[in-house]
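Working notes, beginning with the structure itself.
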Amino acid sequence: MLVNLHIMNLALIDELDIDFTDGLNILTGETGAGKSIIIGSIGIGLGGRFDSSLLRDEKKDGLVELIFSVDKELSDELCKLEIDTPDGEIVISRRCTNGRTVNRINDATVTLAKLKAVSECLISLHAQHEQRTLLKAAKHLELVDSYSEKAPLLKEEVRSLYSAFKEISEKLDGMSLNEQERIKRLDYIRYEINDIESARLSSGEDTELEALYKKVSSAQEIAEIVSEVMQLVGSDRDDSAGSKISRAVRVSQELTKLDADSEKLVSTLLDIEGLTNDFVAELSEYASDMEFEPETLRETEDRLNLINTLKSRYGRTIEDILESCEALKKEEEELSSYDEVIAELKKKQSQVYDELKKKCEALSKERKQTAKKLCKDISDAMKELNFNDVRFDMTFDETEPGANGIDKAEFIISTNIGEDMRPLVDTASGGELSRIMLAIKSVVSEADDTPTLIFDEIDVGISGITAEKVGRMMHKLGEKRQVIAITHLPQIAAMADSAYVIEKEVVGSKTLTDIKRLDEEGRVLELARLLGGESVTDNIMQAAREMLDKK
């Protein structure tokens with residue numbers, strides 16, 4: 001659940017800290033006090049738009065930070081998104097600095113896409129404008145699918161089959177050549193295959209040739225260096241290292257006749273002479289290897305030019321060229337047996353389509369069965385919200401198989417006796433939409449494991465008994481998950497497990513928004529304000545106490 005909300009430098013807020021509890025958290029306050037800023041800040045924390053135009057002081061950073069507590073099941077879900085939850089907590093923060101937004105989860109910078117994916121596991125926010133999504137038919141099917149255990153797996157199978165069907169169809173479209181085009185393409189492919197195969201390429205050949213080319217083109221310079229080293233080290237000249245070491249050996253051997261302890265020194269000198277002779281022998285062998293035929297340079301250069309020409313046409317490496325050759329051979333085989341390949345593809349297309357159709361029908365059957373139960377449960381929930389004569393159902397039309405199946409469906413409703421059932425978009429008023437959304441959420445939340453639900457002004461267009469019933473349903477929702485809601489109605493505010501008041505006050509030359517959690521007496525005073533406005537009498541105070549006792 002959402003444990004804490006921290007806001008800095010946003011709209012009318014300098015700095016604000018709000019601790020939430022489990023159950024039903026209700027926020028109230030005068031119009032314009034800043035209730036929408038609180039919910040808006042949560043929306044920003046979940047990945048909503050956050051830029052410098054929202055800052056109270058453009059010279060300072062803006063910050064929204066959300067702290068959530070998570071259980072083991074949710075922790076395992078977040079682990080799949082590569083998010084750790086040390087001590088059963090997760091911290092999401094978004095900072096706006098110098099016109100740039102930085103997103104962090106547990107102090108690690110993340111992309112906005114990842115932040116949104118994590119947020120969806122933690123919290124579900126229903127702002128006023130989201131009620132309008134109920135009017136979109138596509139959303140209706142999503143609700144049905146979320147209420148079914150089997151539909152998500154069936155949808156995945158349908159998507160996979162449709163993807164395979166689409167791929168085959170696109171391949172068939174790409175192979176729609178006339179005979180003349182086919183022969184022309186076949187001739188060109190065979191030319192390219194021959195172009196590659198006649199080169200008889202071998203993996204790593206270009207690297208070896210480049211090294212050889214460097215040697216051959218530098219052979220003269222190498223020979224000159226080797227000759228100079230040979231003269232300096234060999235024994236052909238009296239002033240060479242080899243000649244001097246040999247003389248040193250002969251002279252030092254006289255030491256052994258005079259002092260036995262000098263044998264180790266003489267032995268070392270003999271080793272040096274041996275190493276020098278070995279080096280001269282290896283240098284001589286290296287020099288002989290550097291002797292190339294005049295044609296070697298030209299042949300190496302020609303071979304490298306051929307390979308580089310092939311690279312420019314078929315790939316950056318020899319491996320790429322060989323892979324291109326295999327792809328060309330495959331296309332040659334398909335074009336050589338063009339009619340057979342087309343026939344095989346059409347056969348496969350038909351088989352995949354039949355399988356797709358069956359899976360779509362299975363998904364449609366599951367959806368219709370689920371929709372029947374869902375609509376009954378929503379209808380029952382709506383009756384709890386004072387829709388006494390409501391009828392709620394879903395219509396289905398069949399379309400061509402696609403990634404989402406064959407169903408085109410939408411909710412239909414009648415809220416009064418004698419009225420025909422019509423699409424939800426044609427009948428529901430603003431107040432009715434608020435209650436319908438709450439009824440749907442109360443039902444669907446049984447299958448939805450999101451631990452926190454937020455409602456922004458769920459009380460639009462309702463009052464009296466209906467408001468009390470809405471409050472009771474929200475309190476019931478709060479028994480299984482955390483609910484945070486804004487309201488203007490005392491009937492709903494009275495149902496809170498934790499109540500908060502949002503106030504706007506002038507401090508010095510600044511107007512600031514503040515929020516505080518209410519104690520028992522504070523709740524009575526706030527309910528009295530909601531009931532009586534500016535005129536709070538003893539009778540109104542008594543009514544407020546009775547509302548709390550009645551909860």
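These figures come from a predicted structure and were not determined experimentally.
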Are the side chains of L374 and I440 in contact, using a 4.5 Å heavy-atom criterion? no

Please name all residues satisfying ring pair (Phe, Tyr, Trp, His ring centres under 6.0 Å) with F392, sequence neighbours left out, ordered by chain then number. F411

May I have the step-by-step check of side-chain hydrogen bond (donor to acceptor under 3.5 Å, both in side chains) for T395 and E410, ending in yes or no? CA-CA 6 Å; T395 61; E410 65 178 326; 4.7 Å; no

Taking everything shown except E505 itself, do over 12 heavy atoms lie less than 6.0 Å from its CD? yes

Side-chain touch I92/E65, heavy atoms, less than 4.5 angstrom: no

Donor-acceptor under 3.5 Å (D514 side chain, E503 main chain): no

Does a salt bridge link K347 with E344, judged by any charged N lying under 4.0 Å from a carboxylate O? no

In plain terms, say whether K330 and E334 are close enough for a salt bridge, that is, a side-chain N and a carboxylate O under 4.0 Å apart. no

Out of I67, V3, N4, L27, which residue meets the side chain to side chain contact (heavy atoms under 4.5 Å, CB included) rule with F20? L27

Are L424 and I412 close enough that some pair of their side-chain heavy atoms sits under 4.5 Å apart? no

Between E521 and R545, is there a side-chain N and carboxylate O pair less than 4.0 Å apart? yes

Salt-bridge present (R529, E526; N to O < 4.0 Å): yes

Any donor-acceptor pair under 3.5 Å linking the side chain of S414 with the backbone of E419? yes

Quick test of your reading of the model: are K376 and D380 salt-bridged, counting only N-O distances below 4.0 Å? yes

Whether over 12 other heavy atoms sit under 6.0 Å from K359 NZ: no

In this structure, which one of I38, L2, N25 forms a side chain to side chain contact (heavy atoms under 4.5 Å, CB included) with I18? I38

Can you give me the closest heavy-atom contact between R523 and A499, atom names plus distance? NE-CB, 3.6 Å

Does Y162 have any ring pair (Phe, Tyr, Trp, His ring centres under 6.0 Å) partners at least two apart in sequence or in another chain, and if so, which? none

Are D76 and K72 ion-paired here, with the side-chain N under 4.0 Å from a carboxylate O? yes

Please list, one pair per line, the donor and acceptor atoms closer than 3.5 Å that link side chains of residues 49-56 to other protein atoms, with sequence neighbours excluded.
{"residue": "R49", "atom": "NE", "partner": "D51", "partner atom": "OD2", "Å": "3.0"}
{"residue": "R49", "atom": "NH2", "partner": "D51", "partner atom": "OD2", "Å": "2.7"}
{"residue": "R49", "atom": "NH2", "partner": "S53", "partner atom": "OG", "Å": "3.4"}
{"residue": "D51", "atom": "OD1", "partner": "S53", "partner atom": "N", "Å": "3.0"}
{"residue": "D51", "atom": "OD1", "partner": "S53", "partner atom": "OG", "Å": "2.4"}
{"residue": "R56", "atom": "NE", "partner": "D14", "partner atom": "OD1", "Å": "3.2"}
{"residue": "R56", "atom": "NH1", "partner": "A11", "partner atom": "O", "Å": "3.4"}
{"residue": "R56", "atom": "NH1", "partner": "T511", "partner atom": "O", "Å": "3.1"}
{"residue": "R56", "atom": "NH2", "partner": "T511", "partner atom": "O", "Å": "3.2"}

With the threshold set at 4.0 Å, does a side-chain nitrogen-carboxylate oxygen contact exist between E361 and K357? yes

Report, as yes or no, whether the 6.0 Å neighbourhood of atom CD on E167 holds more than 12 heavy atoms from other residues, nucleotides or ligands. no

How about NZ on K150, more than 12 heavy atoms from neighbouring residues, nucleotides or ligands closer than 6.0 Å, or not? no

